[in-house]
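Have a look at the structure below, then the notes.
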There are 2 protein chains.
Amino acid sequence: MDFGFDVISAEEYERQRELYGPLTEALRRLIGAGIHTDVDEDTVRQAQSAIEAATELLERSQRSVTSTLRHEGTGRPLAWANPAIGLRNAIAPPMVIHHEDDGRAWSEFSLSGAYEGPPGWVHGGISALVLDHILGEAASEGLTRPKFTGTITLKYLRGTPLGPLRAEAWIDRVDGAKTFARGTLSDAEGVTVEAEGVFIQPAWARDAG
Amino acid sequence: MDFGFDVISAEEYERQRELYGPLTEALRRLIGAGIHTDVDEDTVRQAQSAIEAATELLERSQRSVTSTLRHEGTGRPLAWANPAIGLRNAIAPPMVIHHEDDGRAWSEFSLSGAYEGPPGWVHGGISALVLDHILGEAASEGLTRPKFTGTITLKYLRGTPLGPLRAEAWIDRVDGAKTFARGTLSDAEGVTVEAEGVFIQPAWARDAG
């Protein structure tokens, strides 16, 4: 396994963010349009041709998938390909993670119909994706220390509506290689899902501390 | 909440599957191309224009987001918009769920780099999404009975590699409105993640039984 990093400057970070952020936003809107479209077959095929043309353009040069970019200023990996938070991954819920000095991680974001399970409600597995990720962010101090999910338990108190949500997580305690994290997903009325998880530092990373 | 269904014929189902399946596949390939592209800025902007053109075509007519299609032959909802299995949702892992007569649900599928957490490995939250969904499929008898996740616990035995995987789930026991389901995610070497969950039939659906 390769946890190698390429460090990029703050300027290069901004340049890439301004270039790829709108691309991902355009892709998210396209995904939503595709889910609910009811246009005739010819129009679907025209859209598919435009999609294939865009793919052909973007595939002309592809970077290595194994190296991760680390921001020169914060020291944090960018995780731009990540399916939970990646700025460049249109699958990811549109989360930006904030880290407080006390180790707490939080994000406020809005989930569209692309993340819907039962009509009007967020799919339970999407809530699990969001919480697994944000607990992992807290446990690994903003992904600066490699940690893997050991176990995670999610308790769904009530349905989570589509729309504006807040996720947060914090470290409960640390016991050797195990970090115990807790967190919540909330809407404006309060907590909808509670999570607790154990995150484990892999053996190869323990000596490196 | 509206669990209304529009029944569609087997022929109409096939027509839509043949129309929208390739559209979603094209979108998945585009998402992957977007994550790893390294083309120059002009080419990114050209691709973004093609994406916006495709969106404009697909947005010309959008169907209601609240009605769910049910297959005339099987009686099962199609869940085509679903972010875990939807044929029309490019966010969804490419899972097709099979139901055995004994109630077991399973799926064999392959996860691409779009679902990557640590380099080479599936994001733990994506494993949670897959398992929450397939346990829910088993618990709700193929989504024919409304059930919501009450709690779910995931135990990560080792990393889940990108590539070919198998998910399966079954009902462990039923106690009143609570259905206890269990399941696994596996690669060719065996189980990587174990899951157990409690799924709850909402009060409004209990009388309808």
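Predicted, not measured: the structure shown is a model, and the values here were computed from it. In the text below, chain A, chain B and the rest are named by the order of the sequence lines, each starting its count at 1.
- Distance check: B/Tyr156 OH to A/Phe199 CZ gives 8.0 Å after rounding to the nearest 0.5 Å.
- Residue A/Thr37 comes nearest to B/Tyr20 through the heavy atom pair O-OH, 3.6 Å, listed as atom of the first residue, atom of the second, then distance.
- The minimum heavy-atom distance linking A/Ala47 with B/Ala54 is given by the pair O-CB, 3.7 Å.
- At a heavy-atom cut-off of under 4.5 Å, chain A is reached by no residue from residues 181-192 of chain B.
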Working for side-chain contact (heavy atoms from CB on, under 4.5 Å), residues B/Ile51 and A/Leu23: CA-CA 9 Å; B/Ile51 288 167; A/Leu23 180 70; 3.8 Å; yes

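- In terms of non-hydrogen atom pairs under 4.5 Å with chain A, the most contact-rich of B/Arg88, B/Arg45, B/Glu56 is B/Arg88.
- Of the candidates B/Thr149, B/Thr151, B/Ile152, B/Val198, B/Thr151 is the only one forming a side-chain contact (heavy atoms from CB on, under 4.5 Å) with A/Lys155.
- Between the side chain of A/Asp132 and the main chain of B/Gly125, a donor-acceptor pair closer than 3.5 Å is present.
- With hydrogens and angles disregarded, a donor-acceptor distance shorter than 3.5 Å links the side chain of A/Asn89 to the backbone of B/Ala114.
- Of the atoms belonging to A/Gln46, heavy atoms from both backbone and side chain fall under 4.5 Å from chain B.
- Listed by chain and number, the residues in a salt bridge (Lys or Arg N to Asp or Glu O under 4.0 Å) with B/Glu59 are A/Arg29 (sequence neighbours excluded).
- Residue B/Glu52 touches chain A through its side chain alone, counting heavy-atom pairs closer than 4.5 Å.
- In this structure, the side chains of A/Val39 and B/Leu57 stay at 4.5 Å or more apart for every pair of heavy atoms.
- Applying the salt bridge (Lys or Arg N to Asp or Glu O under 4.0 Å) test to B/Arg15 and every residue at least two apart in sequence or in another chain returns A/Glu41, B/Glu12.
- With sequence neighbours left out, the salt bridge (Lys or Arg N to Asp or Glu O under 4.0 Å) criterion links A/Arg17 to A/Glu14.
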